[in-house]
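Structure, as structure tokens:
Chain A is the first sequence line, chain B the second, and so forth, proteins listed ahead of strands; every chain is numbered from 1. Any value given below was found using the heavy atoms of this structure, including those in side chains, with hydrogens, waters and symmetry copies removed.
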Amino acid sequence: MKQRIVVIDFETTGLSARGGDRAIEVGAVAIEDGRIGATFQTLINPGRQVDSFIESYTGISNSMLAEAPNGREVFPELHEFVGDAVLVAHNASFDQNFLDAEYQRVDCTRQQPFLCSMRVARRLYPDAPNHKLGTLVDYANVPITGTFHRALADAEMTALLWLAMLATLRDGFGLEDAPLELLQKLQSVAIARADDWLAAKAAE
DNA sequence: TGCCAGGCCCTCTTTAGGGCCTT
């Protein structure tokens with residue numbers, strides 16, 4: 001089965017989607033047939049000022065956000081871009097919470113599973129100094145495609161890390177045709193949801 | 001009134017605690 005994957009990354013006003021923090025940038029990268037394909041990126045006006053820490057951390061200023069489209073414009077477009085692809089993010093619970101919260105505001109829903117590159121990396125690269133995205137990019141010899149802590153660059157590098165992990169599995173375990181299935185098996189919770197969802201899709 | 005994230009994962013665990021990772 002050729003499964004389309006979309007790797008996604010959010011920059012946000014803070015850490016708590018449920019506490020009212022909002023997305024200020026989204027980047028998404030499609031992986032199709034084992035290669036990076038279409039991309040989606042936009043700033044998002046959160047309807048409030050971001051604090052100086054976020055401006056410094058992301059390089060995204062309040063003046064940049066003032067001219068950006070709001071979530072009502074962005075998220076229906078993102079929903080269409082994602083389609084029925086399996087989603088991947090680095091520390092996926094964070095991005096999943098923001099995606100679901102922003103989708104809810106525009107009456108969109110997410111049905112597909114959300115897999116976590118960090119959870120896979122912790123199993124596949126247990127000797128890495130740590131499992132931050134930037135460290136893993138260096139550890140796995142993934143090219144740096146842009147500025148860290150910007151959504152599209154982080155999504156691209158997460159996608160390349162994901163492909164590198166697939167290659168590690170292929171080379172290390174002789175797997176040629178089932179890397180996604182093995183990755184799913186490395187994730188106890190995600191796998192169950194992914195298998196259920198893929199089975200449901202296959203039965204349609 | 002006071003507090004303010006949350007989920008995963010490891011271990012000196014399971015009647016729990018603390019570090020990691022995301023912005």
Side-chain angles (χ1 to χ4, degrees), chain A residues 6-29 40-65 68 70-71 74-75 78 87-105 110 112-140 142 144-162 164-165 183-195:
Chain A
V6 168
V7 183
I8 195 165
D9 184 77
F10 285 106
E11 307 306 315
T12 69
T13 62
L15 292 171
S16 179
R18 294 169 192 169
D21 282 317
R22 300 294 302 272
I24 60 172
E25 186 180 41
V26 59
V29 177
F40 182 99
Q41 181 276 329
T42 182
L43 293 171
I44 308 160
N45 187 332
R48 73 182 65 161
Q49 295 283 299
V50 298
D51 63 33
S52 58
F53 171 80
I54 294 298
E55 285 191 307
S56 174
Y57 187 79
T58 64
I60 299 169
S61 67
N62 281 296
S63 62
M64 293 163 66
L65 294 173
N70 62 35
V74 169
F75 285 97
L78 178 66
L87 286 160
V88 170
H90 200 67
N91 195 20
S93 64
F94 176 86
D95 297 279
Q96 177 180 321
N97 283 340
F98 276 94
L99 181 66
D100 290 350
E102 296 289 0
Y103 268 4
Q104 188 172 25
R105 293 186 176 96
R110 175 186 61 83
Q112 63 266 60
F114 218 127
L115 307 186
C116 180
S117 56
M118 186 181 74
R119 293 178 67 185
V120 175
R122 279 178 166 159
R123 287 159 176 77
L124 207 54
Y125 304 138
D127 296 329
N130 58 58
H131 298 89
K132 298 177 182 179
L133 178 61
T135 302
L136 290 168
V137 162
D138 180 62
Y139 188 82
V142 168
I144 295 172
T145 64
T147 304
F148 284 106
H149 307 306
R150 288 302 298 265
L152 183 59
D154 280 4
E156 286 175 335
M157 289 185 279
T158 301
L160 291 169
L161 174 65
W162 187 261
M165 291 192 294
L183 283 172
Q184 289 171 336
K185 288 177 182 175
L186 291 166
Q187 303 178 90
S188 58
V189 175
I191 182 180
R193 295 165 56 198
D195 284 352

Of residues 17-24 of chain A, the positions that come close to DNA chain B - non-hydrogen atoms, cut-off under 4.0 Å: Arg18(A)

Contact residues, residues 49-56 of chain A to DNA chain B [heavy atom, < 4.0 Å]: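 Within residues 49-56 of chain A, the residues near DNA chain B are Phe53(A), Ile54(A).
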
What protein N or O atoms touch nucleotides 1-3 of chain B N or O atoms at under 3.5 angstrom, if any, and at what distances?
none

Atom of Ala17(A), atom of Phe98(A) and distance for their closest heavy-atom approach: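 Closest approach of Ala17(A) to Phe98(A): N-CZ, 3.5 Å.
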
Least distance between heavy atoms, Asp95(A) atom then Ala89(A) atom: OD2-CB, 3.6 Å

Residue-phosphate contact under 4.0 Å: His131(A) side-chain N/O, dC20(B) OP1/OP2: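 The answer is no; no side-chain N or O of His131(A) sits under 4.0 Å from OP1 or OP2.
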
Test item: Thr13(A) side-chain N/O and Val50(A) main-chain N/O as donor-acceptor pair under 3.5 Å: no

Side chain His90(A), main chain His131(A), donor-acceptor under 3.5 Å: yes

Sugar-phosphate, base or nothing in reach of Thr58(A), heavy atoms under 4.0 Å: sugar-phosphate

Sugar-phosphate, base or nothing in reach of Asp95(A), heavy atoms under 4.0 Å: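 Asp95(A): no heavy atom of the nucleic acid under 4.0 Å.
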
Thr158(A)/Asp9(A) under side chain to side chain contact (heavy atoms under 4.5 Å, CB included): CA gap, chis, key distance, verdict: CA-CA 9 Å; Thr158(A) 301; Asp9(A) 184 77; 5.6 Å; no

Nucleotide nearest Arg122(A) (side chain, heavy atoms from C-beta), chosen from dC20(B), dG6(B), dT22(B):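 When the side chain of Arg122(A) is considered, dC20(B) is the closest of dC20(B), dG6(B), dT22(B).
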
